[in-house]
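The structure presented is a predicted model; accordingly, all values stated were derived computationally and were not measured.
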Amino acid sequence: MFNWRDLAAAAAMLLAASAALAQSTGYPGIGRPATPKELAAWDIDVRPDFKGLPKGSGSVARGQQVWESQCASCHGVFGESGEVFNPIVGGTTAADIQTGHAARLKDSAYPGRTTLMKTPTVSTLWDYINRAMPWTAPKSLSTDDVYAVTAYVLNLGGVLPDDFMMSDKNIGDVQKRLPNRNGMSTQHALWPGKELGGAPKPDAQGSSCMSNCPVEPKVVSFLPDFARNAHGNLAEQNRKVGAQRGVNTAAAGAPAKTPPEAKPTKAEPSAASQAALALTQKHTCTACHGVSNRIVGPGFQEIARKHASRPDALAYLGAKIRAGGSGVWGAIPMPEQTLPEEDLKAIAQWLAAGANP
């Protein structure tokens, strides 16, 4: 006669056999069904109807604190910076909040397109901050801090007042104030299905001009020769992210890069330099600093040229890395760094020695 342990073991074997049979109907021997907990870890999207939005809240004041410590280094203190990515704030007015249409999207004279000009749903803003920000540590913000940062961004755009507390309870009211909430169109046939009100066929047929088109390009702006290379070649400095690229600003008649046959032979990097470069990548320093070129902050070699001659260069550079700050290289602040003391000293030593790659 079976005891209760034997019965439990038999039941477990039966369940395992059933699971194996279930998975064999798809791709035999490959994988297993995902557990509810595993699915929940991926199912974090928030829809425009706010399905999937977690409970929580965050104030504009709290959002400013998080922004200045974790967001301003890339986006600027007021969300206006375009040095790394396109500006988030700008180009919207109080009239846009009333109409729900960002008028400057149709103004060809306006220089750019900011996030608040284009975004039609506040859920898109919340969802992207939640899943992708900050750049160096995606998904590290708490739910309440995501609400707070979203509220602060909208406050910068004049959408929300300074004392606003945004939450899952009032986010629908916030949606009603988004500057471009009525700017989204479904009349392009990219979203199939009658329930979305889409067009029956694409709005661009491409039938007017398919080959030998006589249209000539019209240059509407350009840099004068004396200003082309004032800050180096922007095409080599800008990241390949976003719609706005850096143009080739090398001096007129000069190549953007040294031809391969003219490149000098480079010495092999030392072990210390390789180790220091690896540390800058490990601690995401390279997200804001290139070796020889600027990104958000100055290049490592530029820092070395400015400070390596100091008698206290090692101590000074170590202290600056640890404390962060702004004002030496521009207004965009560098956050305080928490890397181990040993790694900090190695990077500071490399900078003090010239930051040779």
Side-chain angles (χ1 to χ4, degrees), residues 46-50 53 56-130 132-134 141 143-188 197 220-221 242-244 331-333:
V46 178
R47 300 191 333 188
D49 60 1
F50 304 119
L53 184 72
S57 62
S59 67
V60 170
R62 172 58 184 165
Q64 181 176 1
Q65 295 175 0
V66 178
W67 181 273
E68 291 179 353
S69 65
Q70 302 195 55
C71 312
S73 57
C74 286
H75 298 294
V77 175
F78 301 106
E80 83 294 352
S81 175
E83 293 190 36
V84 181
F85 303 109
N86 294 350
I88 293 179
V89 177
T92 58
T93 66
D96 297 338
I97 296 174
Q98 294 298 318
T99 64
H101 288 280
R104 281 179 173 152
L105 284 174
K106 297 181 179 180
D107 182 1
S108 60
Y110 195 75
R113 300 291 181 264
T114 68
T115 299
L116 286 190
M117 287 173 64
K118 298 182 291 182
T119 305
T121 55
V122 71
S123 61
T124 301
L125 188 62
W126 197 102
D127 182 80
Y128 190 78
I129 294 171
N130 183 49
M133 293 291 113
L141 296 179
T143 296
D144 287 347
D145 280 351
V146 175
Y147 276 106
V149 172
T150 305
Y152 181 64
V153 169
L154 295 174
N155 171 259
L156 289 174
V159 178
L160 298 179
D162 295 344
D163 60 352
F164 195 81
M165 175 71 75
M166 184 175 174
S167 70
D168 59 298
K169 303 296 184 184
N170 61 18
I171 195 170
D173 296 328
V174 175
Q175 171 65 32
K176 297 174 183 178
R177 292 181 54 81
L178 212 62
N180 198 42
R181 62 186 179 276
N182 296 323
M184 182 169 61
S185 171
T186 59
Q187 300 302 307
H188 41 56
V220 295
S221 65
Q244 300 175 11
I332 299 178

Exercise for review: Evaluate the side-chain proximity of Asn155 to Asp162: yes if any heavy-atom separation is below 4.5 Å, no if none is.
Suggested key: yes
Study note, to complete from the structure: Tightest non-hydrogen contact, residues Thr114 and Gly90, listed as OG1-O, 2.6 Å
Exercise for review: Would you sort out whether Val153 and Trp67 count as a side chain to side chain contact (heavy atoms under 4.5 Å, CB included), showing the intermediate values?
Suggested key: CA-CA 9 Å; Val153 169; Trp67 181 273; 3.5 Å; yes
Review point. Under the side chain to side chain donor-acceptor pair (under 3.5 Å) test, which residues partner Asp49, sequence neighbours left out?
Key: Arg47
Exercise for review: For Asn180, check side chain to side chain donor-acceptor pair (under 3.5 Å) against everything at least two apart and list the hits.
Suggested key: none
Review point. What pair of heavy atoms forms the shortest contact from Leu141 to Pro134, and how long is it?
Key: CG-CD, 3.9 Å
Revision key, fill the gap. Taken in chain and number order and not counting sequence neighbours, the residues that satisfy side chain to side chain donor-acceptor pair (under 3.5 Å) with Glu68 are Gln64
Check your understanding: Should Lys118 and Leu105 count as side-chain neighbours, where that means a heavy-atom distance under 4.5 Å?
Key -> yes
Point to revise | Note, Val89 side chain near Thr115 side chain (heavy atom, < 4.5 Å) | key: no
Check your understanding: Where do Pro120 and Met184 come nearest, in terms of heavy atoms and distance?
Key -> CB-CB, 3.8 Å
**Study point:** Min side-chain heavy-atom separation Gln70-Val149 under 4.5 Å
**Key:** no
Study note, to complete from the structure: Separation between OG1 (Thr150) and CE (Met133), nearest 0.5 Å, reads 12.0 Å
Review point. Name the one of Thr119, Thr99, Asp96 that satisfies side chain to side chain contact (heavy atoms under 4.5 Å, CB included) with Pro179?
Key: Asp96
Exercise for review: Could you check if a side-chain atom of Leu154 sits within less than 4.5 angstrom of a side-chain atom of Leu178, using non-hydrogen atoms only?
Suggested key: yes
Practice item. Quick one: pull up CD1 in Ile88 and CE in Met117 and give me the separation to the nearest 0.5 Å. Key: 14.0 Å
Point to revise | Non-neighbouring partners of Asp127 that pass side chain to side chain donor-acceptor pair (under 3.5 Å), sequence neighbours left out | key: Arg131
Exercise for review: Of all the heavy-atom pairs spanning Gly79 and Leu156, show the shortest one and how long it is.
Suggested key: N-CD1, 4.1 Å
Check your understanding: Any donor-acceptor pair under 3.5 Å linking the side chain of Arg181 with the backbone of Lys176?
Key -> yes
Point to revise | Stepwise side chain to side chain contact (heavy atoms under 4.5 Å, CB included) test for Met165 and Tyr147 | key: CA-CA 9 Å; Met165 175 71 75; Tyr147 276 106; over 6 Å; no
**Study point:** By side-chain contact (heavy atoms from CB on, under 4.5 Å) - contacts of Arg62 (at least two apart)
**Key:** Ser59, Gln65, Val66, Asp145, Ala148
Review point. Is the backbone N or O of Gly56 less than 3.5 Å from a side-chain atom of Asp168, with the two atoms forming a donor-acceptor pair by type?
Key: yes
Exercise for review: Of all the heavy-atom pairs spanning Thr92 and Gly157, show the shortest one and how long it is.
Suggested key: OG1-O, 3.9 Å
Check your understanding: Going by heavy atoms in the side chains, are Phe164 and Asn170 under 4.5 Å from each other?
Key -> yes
Study note, to complete from the structure: Between the CG atom in Leu160 and the CD1 atom in Ile97, the distance rounded to the nearest 0.5 Å is 8.5 Å
Review point. Which pair of heavy atoms, one from Cys74 and one from Ser81, lies closest together, and at what distance?
Key: O-OG, 4.0 Å
Check your understanding: Less than 4.5 Å apart, any side-chain heavy atom of Trp126 and any of Thr143?
Key -> yes
Check your understanding: Which residues pass the side-chain contact (heavy atoms from CB on, under 4.5 Å) test with Phe50, sequence neighbours left out?
Key -> Leu53, Val122, Ser123, Ile171, Gln175
Check your understanding: Backbone N or O of Gly91 within a donor-acceptor pair of the Tyr110 side chain at under 3.5 Å?
Key -> yes
